[in-house]
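Excluded from the calculations below are hydrogen atoms, water molecules and symmetry mates; all remaining heavy atoms, backbone and side chain alike, are included.
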Amino acid sequence: MGSLLLVLLLLLLSPSYPRDGSARRRRGARTQSPGGRSHPPFWVSVSPDFKAVPLGGSLWLNCSSSCPLPEGFSLRTELRRGETLSGPRWVAYQLLDVRAWSSDVHCFVTCAGETRGATARITAYKQPSSVILEPPVLTGSDYTLRCHVTHVFPVRFFVVTLRRGGRVIYSESLERFTGLDLANVTLTYLLPSRPGDSGQPVTCHTRLNLDGLVVLSSSSPVTLPVPAWSPASKALASTSIAGCVGIFLVVGALCLRKYLSMQPPT
């Protein structure tokens with residue numbers, strides 16, 4: 001028993017004996033791979049992390065890392081891939097013929113047996129092929145304005161605006177249209193006529209906003225027509241003109257008669 005107590009006492013006094021869990025803390029301070037190597041901290045970045053591309057366009061994505069000796073780069077995407085360029089700690093990937101509305105592209109880097117990744121979002125859009133504003137038609141007391149926007153994508157991110165003389169008279173968001181195909185859009189608006197409207201220029205404008213990318217298009221200006229005279233209005237105008245002419249004739253005759261009465265007899 002005495003020899004056993006002596007052994008335990010020597011172990012407790014030994015500087016290599018763990019106290020207060022210090023050995024556990026030292027083991028937890030280092031993470032090792034199955035092969036016994038430490039995992040150095042590193043980051044993975046993809047640039048740009050968001051890109052809007054015209055329908056059918058292409059772009060380059062750069063995948064980089066802080067790993068001093070990367071073991072490999074890889075890319076996961078459903079988009080069509082083109083060329084690949086590489087450097088010490090980066091790889092650039094070309095993506096071709098982008099037609100999907102929204103695609104996530106994942107870049108992965110393996111360093112010391114550990115794999116990390118970064119994600120980019122790629123969207124496609126189509127600017128209107130044409131924006132056409134029909135000549136306004138005056139029906140009753142309202143002008144009918146009809147704007148045609150052709151071959152746009154994605155429709156729900158467009159806003160159509162009508163302007164009269166540079167001022168907005170109507171604006172509508174197309175966010176309720178959730179389809180992901182090329183589409184034609186027609187906007188119809190009834191504009192109440194006001195005095196002085198005739199001859200004013202009217203234009204139709206579209207605005208596409210994709211996370212900060214703004215694409216603008218507009219129509220050629222058209223002119224608000226002069227209101228047409230109805231038969232009743234024409235009859236009233238004719239009667240008024242005839243009445244005015246009659247009054248002028250009576251007044252003229254009276255003035256002439258008075259003038260003649262004031263002349264001395266010859």
Original post:
Any chain of hydrophobic side-chain contacts (each under 4.5 Å) joining Phe108 to Leu85?
Top reply: no

Subject >> Where Pro70 and Pro88 come nearest, the two heavy atoms and their spacing >> reply: CG-O, 4.0 Å

Subject >> Nearest heavy atoms of Ser217 and Pro128, plus distance in Å >> reply: OG-CD, 3.7 Å

Original post:
Glu71 pairs by side chain to side chain contact (heavy atoms under 4.5 Å, CB included) with which of Thr110, Val109, Thr115?
Top reply: Thr110

**OP:** I would like to know whether Leu190 and Thr144 meet side chain to side chain contact (heavy atoms under 4.5 Å, CB included); could you show each step before the answer?
**Re:** CA-CA 5 Å; Leu190 295 179; Thr144 300; 3.3 Å; yes

Subject >> Which residues share a side chain to side chain contact (heavy atoms under 4.5 Å, CB included) with Glu83, sequence neighbours left out >> reply: Trp60, Gln94

Original post:
Which heavy atom of Gly82 sits nearest a heavy atom of Leu96, and at what distance?
Top reply: CA-CD1, 3.8 Å

Original post:
Which residue pairs pass the salt bridge (Lys or Arg N to Asp or Glu O under 4.0 Å) test with at least one member in residues 187-208, sequence neighbours excluded?
Top reply: Arg164-Asp197, Arg194-Asp197

Original post:
Have Ser129 and Thr150 got a donor and an acceptor in their side chains that come within less than 3.5 Å?
Top reply: no

**OP:** Indicate yes or no: at least one non-hydrogen side-chain atom of Asp142 is less than 4.5 angstrom from one of Leu191.
**Re:** no

**OP:** Mind checking salt bridge (charged side-chain N to carboxylate O under 4.0 Å, His left out) for Arg81 and listing every partner two or more places apart, or none if nothing turns up?
**Re:** none

Original post:
Are Gln127 and Tyr125 linked by a side-chain donor-acceptor pair shorter than 3.5 Å?
Top reply: no

Original post:
How many angstroms lie between CZ in Phe42 and SG in Cys111, if you round to the nearest 0.5 Å?
Top reply: 5.0 Å

Subject >> Linked hydrophobic residues, Leu216 as query - side chain contacts closer than 4.5 Å >> reply: Val214

Original post:
Which residues pass the salt bridge (charged side-chain N to carboxylate O under 4.0 Å, His left out) test with Arg146, sequence neighbours left out?
Top reply: Glu134

Original post:
Which pair of heavy atoms, one from Val44 and one from Arg116, lies closest together, and at what distance?
Top reply: CG2-O, 3.7 Å

Subject >> More than 12 heavy atoms from other groups under 6.0 Å of NE2 on His106 >> reply: yes

Subject >> Closest non-hydrogen atom pair, Glu172 against Leu187 >> reply: OE1-CD1, 3.2 Å

**OP:** Under the side chain to side chain contact (heavy atoms under 4.5 Å, CB included) rule, what do Leu95 and Arg80 come out as? Steps first, then yes or no, please.
**Re:** CA-CA 6 Å; Leu95 302 177; Arg80 178 184 165 193; over 6 Å; no

Subject >> Heavy-atom check, side chain of His151 versus side chain of Asn184, under 4.5 Å >> reply: yes

**OP:** Using the side chain to side chain contact (heavy atoms under 4.5 Å, CB included) rule, take Leu75 and Val105 through it: C-alpha gap first, then chi angles, then the decisive distance, then the call.
**Re:** CA-CA 7 Å; Leu75 191 74; Val105 181; 3.5 Å; yes

Original post:
Counting only N and O atoms by type, is there a donor-acceptor contact under 3.5 Å from the side chain of Ser65 to the main-chain atoms of Cys67?
Top reply: yes

Original post:
Any side-chain heavy atom of Pro136 sitting closer than 4.5 Å to one from Val222?
Top reply: yes

**OP:** Please list all pairs passing the ring-ring contact (aromatic ring centres under 6.0 Å, His included) test where one or both residues lie in residues 197-218, with sequence neighbours left out.
**Re:** none

Subject >> Test side chain to side chain donor-acceptor pair (under 3.5 Å) applied to Lys51 - qualifying residues, sequence neighbours left out >> reply: none

Subject >> Criterion side chain to side chain contact (heavy atoms under 4.5 Å, CB included) on Leu145 and Thr188, from CA distance to verdict >> reply: CA-CA 6 Å; Leu145 304 177; Thr188 301; over 6 Å; no

Original post:
Do Cys147 and Val131 touch side chain to side chain, with heavy atoms closer than 4.5 Å?
Top reply: yes

Original post:
CG/Asn62 to OG/Ser47 distance, rounded to the nearest 0.5 angstrom?
Top reply: 6.5 Å

Original post:
Which residue pairs pass the salt bridge (Lys or Arg N to Asp or Glu O under 4.0 Å) test when at least one of the two sits in residues 57-67, sequence neighbours left out?
Top reply: none

Original post:
Is it true that Val215 and Phe177 fall in one hydrophobic cluster, defined by side-chain heavy atoms closer than 4.5 Å?
Top reply: yes

Original post:
Residues two or more places apart in sequence or in another chain: which of them pass salt bridge (charged side-chain N to carboxylate O under 4.0 Å, His left out) with Glu175?
Top reply: none

**OP:** Check whether the side chains of Ser141 and Ser193 place a donor and an acceptor atom closer than 3.5 Å, and report yes or no.
**Re:** no

Original post:
Same hydrophobic cluster for Leu182 and Val155, using side-chain heavy-atom links shorter than 4.5 Å among ILVMFWY?
Top reply: yes

Original post:
Just by modelled atom types, is the Ser102 backbone N or O under 3.5 Å from a matching donor or acceptor in the Thr123 side chain?
Top reply: no

Subject >> same_hphob_cluster(Leu224, Ile132) at 4.5 Å side-chain heavy-atom cutoff >> reply: no

Original post:
Do Phe153 and Asp181 have side chains that get closer than 4.5 Å, going by heavy atoms?
Top reply: no

Original post:
With a 4.5 Å limit on heavy-atom distance, are the side chains of Ser218 and Thr203 in contact?
Top reply: no

Subject >> Shortest non-hydrogen separation from Leu133 to Ser219 and the atoms involved >> reply: CB-OG, 3.7 Å

Only pairs under 3.5 Å count here: list side-chain donor-acceptor contacts from residues 156-163, not counting sequence neighbours, and write none if there are none.
unit_1	atom_1	unit_2	atom_2	d
Thr161	OG1	Ser171	OG	3.1
Arg163	NH1	Gly166	O	3.2

**OP:** Name all residues meeting the salt bridge (charged side-chain N to carboxylate O under 4.0 Å, His left out) criterion together with Asp104; count only those two or more places apart in sequence or in a different chain, and write none if there are none.
**Re:** Arg121

Original post:
What residue pairs, at least two apart or across chains, pass ring-ring contact (aromatic ring centres under 6.0 Å, His included) with a residue in residues 62-93?
Top reply: none

Original post:
Does the side chain of Leu61 reach to within under 4.5 Å of the side chain of Cys107, using non-hydrogen atoms?
Top reply: no

Subject >> Test item: Val185 and Leu174 side chains (from C-beta on) under 4.5 Å apart, heavy atoms >> reply: yes

